[in-house]
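Report on one structure; see the data block that follows.
The sequence lines fix the lettering, A, B, ..., with proteins before strands; numbering per chain opens at 1.
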Amino acid sequence: MHDLRMVRDQIEELRAGMRRRGKLEQFAAVIDEAEALDLQRRASITAVEEKKAQRNQLTAEVGRLKKAKQDADAPMAAARALGDEIAAMEATLGPTEARLTELMLGIPNVTLADVPEGDESKNVVVRSWGTPRAAESVKPHWEVGTALGLLDLERGAKVSGSGFVVYRGAGARMLRAFANAMLDLHTGEFGYEELWVPTLVNRATMTGTGQLPKFEDDMYGVKDDDLFLIPTSEVPITNLYRDEILAEGELPRAFTALSACFRREAGSAGKDTRGVLRVHEFHKVEMVRYCTVEQGEAQLELMVGHAEAVLQRLGLPYRVVLLAAGDTGFSSAKTYDLEVFSPGVGKWLEVSSCSVCTDFQARRANIRYRPEGGGKPKFVCTLNGSGLAFPRVFAALLEHHQQADGSVAVPEFLRPWVGRDVIR
RNA sequence: GGACAGGUGGCCGAGUGGUUGAAGGCACCGGUCUCGAAAACCGGCAUACCGGCAACGGUAUCGUGAGUUCGAAUCUCACCCUGUCCGCCA
């Protein structure tokens, strides 16, 4: 969520931000309405608070008189009348504030200066690593995976539905290896604190990171309990310190966790649906960082490096893509996607998306820090990134490390947990 | 799921209708003292919003929401959470 002051003092900047996302048309009316409501709200507040101050004086007077055992009927009647006026004024203020909040919660973050304007066609490849393998002679992952008994797509569909996968044997073991290898790397070498978090979270948590109220249809939920299955562990991790004030000395903080992720993928039917490329439930190791807004961009570069390290150790060629404003997520101010080349599909697959959200999420979730040397609390800057998403890494691995006889070489990085050099 | 008990500031902890944003203590910050430190003493120390260039003034906040009242941390109701015991279950 943006600061209301944005609507007040930097409204052109806000409009420009929407324009860069290609969404000015969509949000022009919203911004105008917010601006008007803010004025209206402030006028009402001033008026109501004036009445309240008057009533408080009368009330104090009543107290004094009663204590002195004197007649207090007159101020009591006056206070009662004021109370009715206040109630009437608040009856209109309430809906105004509710509507204003609703509008503000629906406006996406403004991207940083170096984010290209426009839609995804303006995305920029900033660097790449490794050499993509030629597509010839490589079988797609669903063929190799099924042939080697690592994947059971049919039974996944039987048990749960399309978009749900059963991994088995060495395939299941490979996913466990991903978890161990990635978490050990992030905690052991990059200083992340490992967490194990709930996958079912409440409405306030989903609102804190920006999934709600706008994207309720994209999520699985448990209606009876008003709980939601997380689309990423960014959600519980970023909300860990909701409504808290940290010390500046504690920043930056870095967390990593393995979790299941659930996505309806509504509206993306037919896209990348072969094999495990787009599924409703998958696992992922996530990285989340808290820092000051000033540290945000540098922390993003650092975190992208951590995700890249995983790909390098897996020996998978990848490229780093700076997303254009229009392709940048709702809460994000700048996002790098890491894409691995899949020779079987002949496409680059997004295996990580690393974002800096400035204080956008922190303002929603009310996560602050006390500046060194005192002063008013400030909102933290939150970052999140996958490090990495399992299914697509699995797919890329089966294809990229595929050998002529159909077997798959296991990268050194995973061998301690897979327990062998080759899966055949 | 059932029965009790309880939720007050960073922490502990008073407070059961009238200057209580809230005693006291701890922690923390500044100062005095000291060669330095500790101790002692003095002072400071919540957050958000509204108005104001500012100084400052106002409003709200004692789990959350509603209600009673001229007035609620204190009374009523609902919900949430925590603890203990019982039942059930991985």
Mate of [N] where both pairing distances stay under 3.5 Å, Watson-Crick or G-U:
N	value
rA48(B)	rU59(B)
rU20(B)	none
rA54(B)	none
rA73(B)	none
rC11(B)	rG25(B)
rC41(B)	rG31(B)
rA78(B)	rU64(B)
rC4(B)	rG83(B)

What is the distance from [atom1] of [X] to [atom2] of [N], rounded to the nearest Å?
X	N	atom1	atom2	value
Asp226(A)	rC80(B)	CG	C1'	12 Å
Gln54(A)	rC70(B)	CD	C1'	14 Å
Leu37(A)	rC49(B)	CG	C1'	17 Å
Leu227(A)	rC81(B)	CG	C1'	14 Å
Glu250(A)	rG10(B)	CD	P	14 Å
Lys66(A)	rG18(B)	NZ	P	12 Å
Arg42(A)	rA60(B)	CZ	C1'	18 Å
Leu100(A)	rC50(B)	CG	P	10 Å

Nearest-nucleotide comparison on RNA chain B, the residue closer to the 5′ end among Ala77(A) and Glu50(A): Glu50(A)
5' priority, RNA chain B, between Pro75(A) and Ile245(A) [closest heavy atom]: Ile245(A)
Indicate whether OP1 or OP2 belonging to [N] is found under 4.0 Å from a side-chain N or O atom of [X].
X	N	answer
Arg55(A)	rC70(B)	no
Arg368(A)	rU47(B)	no
Asn56(A)	rG58(B)	no

Looking only at atom [atom1], what distance separates [N] and [M], rounded to whole Å?
N	M	atom1	result
rU74(B)	rG2(B)	P	26 Å
rU68(B)	rC75(B)	C1'	8 Å
rG63(B)	rG9(B)	C1'	14 Å
rG24(B)	rG31(B)	C1'	23 Å
rC80(B)	rC41(B)	C1'	46 Å
rC29(B)	rC35(B)	C1'	25 Å
rC49(B)	rA55(B)	P	16 Å
rG67(B)	rA72(B)	C1'	11 Å

Can you identify which nucleotide, out of [options], has its nearest atom closest to the [X] side chain?
X	options	value
Arg41(A)	rG18(B), rA48(B), rC49(B)	rC49(B)
Thr46(A)	rA46(B), rC70(B), rC50(B)	rC50(B)
Ala53(A)	rA48(B), rU59(B), rC50(B)	rU59(B)
Lys52(A)	rU59(B), rA46(B), rC50(B)	rU59(B)
Val62(A)	rG51(B), rG18(B), rU47(B)	rG18(B)
Glu49(A)	rC70(B), rG51(B), rG58(B)	rG58(B)

Ring geometry between Tyr220(A) and Phe164(A) (parallel below 30°, tilted from 30 to 60°, perpendicular above 60°):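 Taking Tyr220(A) first and then Phe164(A), their aromatic rings sit tilted (interplane angle of 30° to 60°).
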Parallel, tilted or perpendicular, as decided by the 30° and 60° cut-offs, for the rings of His186(A) and Phe190(A):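 Ring orientation of Phe190(A) relative to His186(A): tilted.
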Phe262(A) and Phe282(A) aromatic centres sub-6.0 Å: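 No, the ring of Phe262(A) stays outside the 6.0 Å limit from the ring of Phe282(A), centre to centre.
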Distance flag, aromatic centroids of Phe390(A) and Phe178(A), threshold under 6.0 Å: yes
With heavy atoms under 4.0 Å as the rule, sort [X] into base, sugar-phosphate or nothing.
X	value
Arg8(A)	sugar-phosphate
Ile45(A)	sugar-phosphate
Lys376(A)	sugar-phosphate

Asn109(A) side-chain N/O to Cys357(A) backbone N/O, donor-acceptor pair under 3.5 Å: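 A pair under 3.5 Å: yes.
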Residue Glu294(A) excluded, over 12 heavy atoms near CD under 6.0 Å: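 Count over threshold, so yes.
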Shortest non-hydrogen contact from Phe330(A) toward Lys214(A):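 Heavy atoms of Phe330(A) and Lys214(A) come nearest at CE1-CD, 3.8 Å.
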Glu350(A) and Arg392(A), any side-chain heavy atoms less than 4.5 Å apart: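 SC-SC contact between Arg392(A) and Glu350(A) confirmed.
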